[in-house]
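Structure record follows, encoded as structure tokens.
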Amino acid sequence: MPELPEVETIVRGLKPEITGRRLTFVAVHTPSVVRGDARAVEKLRGRTVKTISRHGKSVFIELVSAGSPLATLRVHLGMTGQLLFETADVALARHTHVLFRFEGNPRELRFRDIRRFGCLELVTPKTRPNLGPDAWQSPPEVIFETLRGRAGMAKAALLDQTLLAGLGNIYVDEALFRSGIHPRTPLGRLPLPKLRALCDAIRLVLGESIELGGTSFRNYVDIEGGRGGFKGRLRVYGKHGSRCRCGDIIRRDVVAGRGTHFCPSCQPRLRSPSRPSARSTP
DNA sequence: AGGTTGACCTGGACGC
DNA sequence: TGCGTCCAGGTCAACC
């Protein structure tokens, strides 16, 4: 599942391949993967890639054309989306939905998505999705202030892209484990040092994963079809039933509607708010 | 308003 | 072998 580190890896791979190049060919084979008018995407032909960037799990490709306003193509990979560079003679893999060719680049860019949760979309500043600050590129202080005092369970809040953009199920579970926070803890009740530890853990897991080219749990591959190396560093995600380093057994519960992996010993529930004890000093 | 559930979609795992 | 069922989860909508 492409989350922030996987999308970052893809964007880093795409930058030298397409930046400054003119789009010579666009073919949408599956119009339903395009939000809005699929023909508008095909009409990008002739434009030149000015920039390619990432915000959260979204890829943004800005294309310019003399005398026309800037066009911004947003690509979201959903759960099984892939952006692959292949020479045109390589047979199209099943579930390949959109093709792009660029002047001076012998390979073509293919958008493939088995489950079609991903999408392409032309966006304007007004129709850009409402995303919170990027979980990797934002200064730690911004992330701290973003999460501070928020209502709702930690798991749900960290998955909320309008709050903080980029984390998905894998990295939320890993960051909560590394900071010793139970997924059901209300964010607003975290002691500030604990919240600080959570922010540090988010940076730690994202940085480590980006360095290793992301996590290939099921379908994720980079633009060359290569797999990410972070899977071996996972400590709780997908490890329910096996033993944590502390000796306890890692559990899997459904929290905020998602499979959630945690160690009950390393991530204890917060005690109920202290209230006067009936049995205190006589 | 926080929380849960279902829909979307397909492949893979599992049980009979 | 082959069929039915369930599960995975990013995001959105509908509901309690």
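The sequence lines fix the lettering, A, B, ..., with proteins before strands; numbering per chain opens at 1.
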Using the P atom in both, what is the distance from B:dA1 to C:dT11, to the nearest Å?
22 Å
Using the P atom in both, what is the distance from C:dA8 to B:dT4, to the nearest Å?
16 Å
Are the side chain of A:N169 and the backbone N or O of A:G259 linked by a donor-acceptor pair below 3.5 Å?
yes
Main chain of A:R94, side chain of A:R112: is a donor-acceptor contact present, judged purely on distance under 3.5 Å?
yes
Which whole number of Å gives the distance between the P atom of C:dC3 and that of B:dC9?
23 Å
Tell me, do A:F111 and A:L77 make a side-chain contact under 4.5 Å, heavy atoms counted?
yes
A:H261 NE2 - C:dA8 C1' separation (whole Å)
10 Å
Considering just the side-chain nitrogens and oxygens of A:H76, establish if one lies under 4.0 Å of OP1 or OP2 belonging to C:dG10.
no
Is A:E62 salt-bridged to A:R74, cutoff N-O under 4.0 Å?
no
Between protein and nucleotides 3-6 of chain B, what N or O pairs are separated by less than 3.5 Å?
residue: B:dG3; atom: OP2; partner: A:M153; partner atom: N; Å: 3.4

With the side chain defined as heavy atoms from C-beta on, A:E3 is closest, among C:dC12, C:dA8, C:dG10, to C:dG10
Length of the line joining A:M79:CE and C:dT11:P, which is rounded to integer Å
10 Å
Check: protein-nucleotides 2-6 of chain C nitrogen or oxygen pairs below 3.5 Å:
none

Can you tell me if A:Q267 uses its side chain to pair, donor with acceptor, with the backbone of A:C263 under 3.5 Å?
yes
In whole Å, what is the span from the CG atom of A:D160 to the C1' atom of C:dG10?
12 Å
Would you kindly give the CG-to-P distance between A:L77 and C:dG10, to the nearest whole Å?
12 Å
Parallel, tilted or perpendicular: which describes the rings of A:H55 and A:F60, with under 30° parallel and over 60° perpendicular?
perpendicular
Are A:R39 and A:E42 ion-paired here, with the side-chain N under 4.0 Å from a carboxylate O?
no
Pairing stems for DNA chain C [at least three consecutive pairs; Watson-Crick or G-U; under 3.5 angstrom]
B:2-8 with C:10-16, B:10-16 with C:2-8
Between the protein and nucleotides 11-14 of chain B, are there any N/O to N/O pairs under 3.5 Å, and if so, what are the atom names and distances?
residue: B:dG11; atom: OP1; partner: A:R94; partner atom: NH1; Å: 3.0
residue: B:dG11; atom: OP1; partner: A:H95; partner atom: NE2; Å: 2.8

Ignoring hydrogens and geometry beyond distance, is a side-chain donor-acceptor pair present between A:T24 and A:E103 at under 3.5 Å?
no
Within the structure, does a side-chain N or O atom of A:Q161 lie under 4.0 Å from either OP1 or OP2 of C:dG10?
no
Is a salt bridge present between A:R12 and A:D222, judged by a nitrogen-to-oxygen distance below 4.0 Å?
no
Can you pull out the residues from residues 116-131 of chain A that lie within a 4.0 Å heavy-atom distance of DNA chain B?
A:R116, A:F117
Could you list the residues that satisfy salt bridge (charged side-chain N to carboxylate O under 4.0 Å, His left out) with A:E208, not counting sequence neighbours?
A:R233
Has the side chain of A:K239 got a donor or acceptor atom that lies under 3.5 Å from a matching backbone atom of A:C244?
no
So do the side chains of A:L234 and A:F177 get within less than 4.5 Å of each other, counting heavy atoms only?
no
So among A:L198, A:I181, A:D173, which one has a side chain to side chain contact (heavy atoms under 4.5 Å, CB included) with A:L158?
A:L198
Can you name the one residue among A:V49, A:N105, A:T48 that meets side chain to side chain contact (heavy atoms under 4.5 Å, CB included) with A:R22?
A:T48
Send over the distance from A:D113 CG to C:dG10 C1', rounded to a whole Å.
11 Å
